[in-house]
Every structure is written in C-alpha cells, then in structure tokens.
Number of protein chains: 2
Amino acid sequence: MITNKNCIIRLSRYKNALYRLRDLGFVKVFSDNLADAIGVTASQVRKDFSLFGITGNRKGGYEIASLLEKLGGILGKDRIERVIIAGAGHLAYALMHYRGFEKEGIKIEAAFDIDPLKFAKNAQIPVLPMEEMKDFVVSNNIKVGVLAVPEVGAQRAADTMFAAGIKGILNFAPLRLKAPNDCAINNVNLEIELENLVYFVNVLEKKG
Amino acid sequence: MITNKNCIIRLSRYKNALYRLRDLGFVKVFSDNLADAIGVTASQVRKDFSLFGITGNRKGGYEIASLLEKLGGILGKDRIERVIIAGAGHLAYALMHYRGFEKEGIKIEAAFDIDPLKFAKNAQIPVLPMEEMKDFVVSNNIKVGVLAVPEVGAQRAADTMFAAGIKGILNFAPLRLKAPNDCAINNVNLEIELENLVYFVNVLEKKG
DNA sequence: ACTTTATTGTGATTTAATTCACAATAAATT
DNA sequence: AATTTATTGTGAATTAAATCACAATAAAGT
Ligand SMILES: NC(=O)c1ccc[n+]([C@@H]2O[C@H](COP(=O)([O-])OP(=O)(O)OC[C@H]3O[C@@H](n4cnc5c(N)ncnc54)[C@H](O)[C@@H]3O)[C@@H](O)[C@H]2O)c1
Ligand SMILES: NC(=O)c1ccc[n+]([C@@H]2O[C@H](COP(=O)([O-])OP(=O)(O)OC[C@H]3O[C@@H](n4cnc5c(N)ncnc54)[C@H](O)[C@@H]3O)[C@@H](O)[C@H]2O)c1
C-alpha cells in the first residue's frame, strides 16, 4: 500500500495530462511524454507505474485509454465522489459555484452551517443546519467533507463531521485538526502557501 | 540556502504555534512542545532550527519572542507583503473578503480582470483592467500575485503578471504554468487535493 | 529471418530527509 | 561546590525518495 503523498499526487497529474493528450487525439504515450507534461523525469514516471503494477509495452509505450482506466481505479475515479461542506461562507460559495469539480467526478451534495441566514433547503446545493449533517451523511453514504468554518469553530465542526461518519476532511481552517486515526486530513493553508511563496521569491532574488 | 519546501512550511507552522503559545502567556518553549503543537518529532524541530542557525539555551529551551523574530526574519514577515490577484471571480472574492491575511501581514492590494463588469476602481480593494497591472505592480513594487483565472486564460494571465514584474504566483488554475526561472510558482489544485484525500480514505478503509 | 532501434521495467545507486543518540552544558538541587 | 537533571545542538545512522543504468524485449527495418 503506497502512502507517499507526492507519488499519489503525481498519479493525479499523469491522469490529467492523459486526458488532455487523449482529447488531442493521441492513443499512445511514452514515459518521457508524460514526464515532460508534468515536469518530472521519465524514470520517475516508470517507477511510479511500476509501484502500482502498471505496465506498458516495451518499445510501444502505454495505451492512454487503459492507463486512464488503471489510474482511475487507483484514485477511486471509477465512481462519482460525493462530498459535503461544513461552513457555507465565502469559500464554500466559491466551491459550490465551481464547475470544474464535475468533470473530475466530484459532486458537492450539500453544505451545513450554524447561521440560519445561510440555510437554503431547496437550493440546487442545499445549505442545511449542522444538526442535519449526520442524517444526510449516513443516508447518502458520504465519506468526504470540506471544512470551511472559521478557525474558532473548526475543531467542533470537524468533530460533528467525524460523528456523522466522514472519513476524510479537506481542511481550509488554519489549524491542526485532531482526528480519529481512521480518518484522513488534507490541509490547505493559504496563509502558509503565500508565506512559503514569499520565502522562495526572496531566495530567488538573492540568488539571481 | 535551504530549499526544502516542507522545511519552510514547518517554519511557518512553528511560527503560528508560537503566536498561540505567546498569546496564552508563555515566554519560553521547548523543542518537544513545538513538536507536539505541529505534529513532528522534537529532533525535527531542533534540526530545522539548527539549519537556520537558530539556537536556544541548553536546559532553558527557546525564548518565544526571540524565536518569533528570527522565524519572521527568515520568512520575510518583517514587513507587510503586498499582493495582487489576477481574475476577480468567485475565488478572488473569497480571498478579498478574508480577514485572516491581515494578521499574517499579507495585504491584497488589487485584483485585475478582463471583464468590464468586474471593474471597480474605487472599491476598498480595486478591481482594475488587466492592462493596468504593469503600472500598478511597478509603482507599488509588488512581487507576489495570486492567479485565479479559468484554466483557458491562465497562462496568458501569468505571462502578463511576469511581464509586470511579479516574481511569485500562487496558482489556483489546474494546470502547470510555464514560468521564467527567476520566478516561483506554488500550485493549489483543489481537484487534486480532493482526489488525494479520496485515495487515502480508501487506503484507511482497506487497512481498518 | 536477422538486425537495429526504441522503450520499458526494475534492481542498484545516489541523494535527500528524518531520526537517533549522545556529548555539551545550563539550571536546579543537595 | 559538587551533583543531578533536563535540554540543546549536531554528527552519525537510518529511512525514504528519486535517479541511474542497463538487460529485456517488442516493433520496425533490411
Ligand atoms: N476565504 C478565504 O480566502 C480564506 C483564505 C484562507 C483561509 N480560509 C479559511 O477557510 C475557512 C472559511 O473561510 P471563509 O472565508 O469561507 O469564512 P466565512 O466567514 O465567509 O464563512 C464561514 C461560515 O462558517 C459558518 N460557521 C461558523 N461556525 C460554524 C460551525 N461551528 N459550524 C458550521 N458552520 C459554522 C459561518 O456561519 C459562515 O457561514 C476559515 O477557516 C478561513 O480561515 C479562507
Ligand atoms: N472556485 C473554486 O472553488 C475553484 C476550485 C478549484 C479550482 N479553481 C480554479 O481557480 C480559478 C478561479 O476560479 P473561480 O471559481 O474564481 O473562477 P470564476 O469563473 O469565478 O472567475 C474567473 C475570473 O477570471 C476572469 N478572467 C477570465 N480570463 C481572464 C484573463 N485572461 N485575465 C484576467 N482575468 C480573466 C473572469 O472574468 C472571471 O472574473 C480557476 O482556474 C479555477 O479552475 C477554483
């Protein structure tokens, strides 16, 4: 069981590059094409595939269709992933209106909030009270959620999500969530991303 | 010059943990406190500090105030970082209304768009035509930008940013930008973050 | 059919990152 | 003042990730 996050992220990138190549009419691809497309070495590509038992044809490269199927299987893209959001604020609004998730097989089913002003039971993507999360998650068998609640309420909201049966959280709140150890957390900390960028801009400036 | 991204991200996390400890009234901290706070080992903390020549007192730990100052210096937090956004859509709206950047010393100065309907010259954070980016960036000496333009326009918008003098981009568009090699790119690909989360949720499910 | 050529697949090697382990030492205790 | 204790700082060891390098081999060419 491979648990190298970078490796799994590369698989996603290969997949996205393959979609583009396929849409351009390509049928086969070589490891160095994929390498160029995502900015790694060709042996990295082959090693990644090797790790998951993905094989191509010596001399003939890889068949895009079959590669996409295998990568899709590994990444769980063989079915639509249904997702909820905790916190129906600005960020949630952007996520709910983003059309790009659909074509990746990701569907935001509902958002949950504590503020009655945010409730919208009959909207295309309904916004419901936090109290209804458990029922919704259980009856729709949802496993993944996005946490878009302010820092102060974040741990409490996460606990509600875990109690509802959520097993993975994409966390936008700038703190380290405590989670049961059968649950996964991916943090997106934009303050830190920007801070990090500033560091590297300064490094490059000093170097150049 | 340390260029290990994970290491720099840990510095940010130490800093954030230290702010919290300081606000709770603590004056000193030991490597194992910081380790617990951000979820790494104590020797990782000490090694990270050692890499940047940060020292504490044997037996006495580290003084929080001085540590914060040193980390701030390394991360460029000794001055306010001024930032622009390309693309004044949903995501930009969320970013422009987010109050959390201020207290991290990040200030969004303006957004730029091609859609005249988005223009708002006199708003608190003005939304200006792309054509005005260069003047604005040059006269305000801005180095960092956020790219929040749809995939199709993303490379063109990035090129405009580079031409304006931007040296680092936080990129939300789901593609690999081509950039001059004195410029830094940090990608935030939310589709991939979710996909990755799904993978690890499935892994955990199989394990348990 | 044989040879050449291009590309895979992977064990071996290298490089990078993390952890270990302990001497150095500052503070606290006796 | 001597001893104990707790903690740093870092070189050494370990582990993890990436790259190298090349034998295996499938396709194309002669
Ligand atoms: N907006 C950004 O650009 C941005 C940038 C970086 C980080 N973040 C982080 O993302 C998260 C969301 O940011 P935002 O700008 O959308 O915030 P927001 O204030 O616009 O929205 C937060 C929503 O969460 C709701 N809420 C508060 N407590 C709750 C609880 N306990 N349970 C459920 N809902 C609750 C509020 O009613 C509100 O609707 C925050 O943690 C923020 O720190 C946002
Ligand atoms: N909104 C999300 O939740 C989300 C999630 C994942 C990824 N993204 C990515 O983030 C980016 C922004 O998403 P969004 O939802 O804010 O999009 P959006 O459609 O709401 O806004 C995009 C804005 O960019 C402007 N624009 C278009 N072409 C431009 C150009 N060449 N130069 C300058 N401006 C231009 C448009 O006028 C619009 O105002 C996209 O690349 C998207 O793929 C967004």
Side-chain angles (χ1 to χ4, degrees), chain A residues 1-14 17-18 21 26-71 74 176 192 196 199-200 203, chain B residues 1-14 17-18 21 26-71 74 176 192 196 199-200 203:
Chain A
M1 193 89 335
I2 283 82
T3 54
N4 174 347
K5 181 168 169 169
N6 286 333
C7 175
I8 309 303
I9 286 181
R10 284 195 299 271
L11 296 191
S12 290
R13 295 201 205 285
Y14 299 142
L18 286 165
L21 290 168
F26 289 93
V27 173
K28 285 178 166 183
V29 71
F30 300 123
S31 58
D32 63 332
N33 305 139
L34 272 176
D36 287 352
I38 82 155
V40 297
T41 64
S43 49
Q44 177 84 84
V45 175
R46 297 200 300 277
K47 176 65 86 178
D48 285 341
F49 288 176
S50 167
L51 251 31
F52 288 93
I54 293 174
T55 65
N57 285 23
R58 286 181 204 263
K59 178 89 180 184
Y62 303 85
E63 210 197 322
I64 291 177
S66 118
L67 205 43
L68 275 170
E69 206 165 318
K70 284 169 189 160
L71 291 174
I74 293 164
R176 201 166 74 97
I192 288 185
N196 191 260
Y199 175 86
F200 283 100
V203 165
Chain B
M1 193 90 334
I2 282 83
T3 55
N4 174 347
K5 181 168 169 169
N6 286 331
C7 175
I8 308 303
I9 285 182
R10 283 195 300 271
L11 297 191
S12 289
R13 294 200 206 288
Y14 299 141
L18 287 165
L21 291 168
F26 289 92
V27 173
K28 286 179 165 183
V29 72
F30 300 123
S31 57
D32 63 332
N33 305 139
L34 271 177
D36 287 352
I38 83 154
V40 298
T41 65
S43 50
Q44 177 84 83
V45 175
R46 296 201 301 275
K47 176 65 85 176
D48 285 341
F49 288 175
S50 168
L51 250 33
F52 288 94
I54 294 175
T55 65
N57 285 20
R58 286 184 205 259
K59 178 93 177 183
Y62 303 85
E63 211 197 322
I64 291 177
S66 121
L67 205 44
L68 275 170
E69 207 165 320
K70 284 170 190 160
L71 290 174
I74 293 163
R176 201 165 74 95
I192 288 186
N196 191 259
Y199 175 86
F200 283 101
V203 165

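Quick note on labels: first sequence line is chain A, next is B, and so on, each numbered from 1.
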**Q.** Side-chain N or O of S43(A) closer than 4.0 Å to phosphate OP1/OP2 of dC20(D)
**A.** no
Q. Just how far, in rounded Å, is P of dT8(C) from NZ of K70(A)?
A. 13 Å
Q: Can you tell me the distance, in whole Å, between the CD1 atom of I8(A) and the P atom of dA17(D)?
A: 11 Å
Q) How close do D36(A) and R176(B) get, heavy atom to heavy atom, and via which atoms? A) O-NH2, 3.1 Å
Q: Report yes or no: is there a donor-acceptor pair, N or O only, under 3.5 Å between the side chain of K59(A) and the base of dT5(C)?
A: yes
Q: State, to 0.1 Å, how close A35(B) and A42(B) come at their nearest heavy-atom pair, and which atoms those are.
A: CB-N, 3.5 Å
Q. Between dA6(C) atom P and N33(A) atom CG, what is the distance in whole Å?
A. 15 Å
Q.
Given the structure, check if the side chain of R58(B) and the base of dT8(D) hold any donor-acceptor pair shorter than 3.5 Å.
A. yes
Q: Kindly say whether V45(A) contributes a backbone atom to a donor-acceptor pair with the side chain of R10(A) at under 3.5 angstrom?
A: no
Q. How would you label the contact of D32(B) with the nucleic acid (heavy atoms, under 4.0 Å): base, sugar-phosphate, or nothing?
A. nothing
Q: Measure from the side-chain heavy atoms of S31(B) and tell me the nearest of dA18(D), dT8(D), dG9(C).
A: dT8(D)
(Q) Taking the nucleotide of DNA chain D with the nearest heavy atom to each, does K28(A) or D48(A) sit closer to the 5' end? (A) D48(A)
Q: Could you check L34(B) against F49(B) for side chain to side chain contact (heavy atoms under 4.5 Å, CB included), going step by step and ending with a plain yes or no?
A: CA-CA 12 Å; L34(B) 271 177; F49(B) 288 175; 3.8 Å; yes
Q: Send over the distance from R46(A) CZ to dA21(D) P, rounded to a whole Å.
A: 13 Å
Q. Whole Å only: how far is the CZ atom of F49(B) from the P atom of dT8(D)?
A. 10 Å
Q.
Nearest heavy atom decides the nucleotide; on that basis, is G61(A) or K47(A) closer to the 5' end of DNA chain C?
A. G61(A)
**Q.** Short side-chain N/O contact to dG9(C) OP1/OP2 from N57(A), under 4.0 Å
**A.** no
Q: Would you check, one step at a time, whether the test side chain to side chain contact (heavy atoms under 4.5 Å, CB included) holds for Y62(A) with L18(A)?
A: CA-CA 11 Å; Y62(A) 303 85; L18(A) 286 165; over 6 Å; no
Q.
Over all strands shown, is T41(A) touching base, sugar-phosphate only, or nothing at heavy-atom distances under 4.0 angstrom?
A. sugar-phosphate
Q) Rounded to whole angstroms, how far apart are NZ on K5(A) and C1' on dA17(D)? A) 17 Å
Q) Rounded to the Å, how far apart are L51(A) CG and dT8(C) P? A) 17 Å
Q: Examine dG9(D): is either OP1 or OP2 under 4.0 Å from a nitrogen or oxygen in the side chain of Y62(B)? Give yes or no.
A: yes
Q. Rounding to a whole Å, what distance do you find between I2(A):CD1 and dA18(D):P?
A. 13 Å
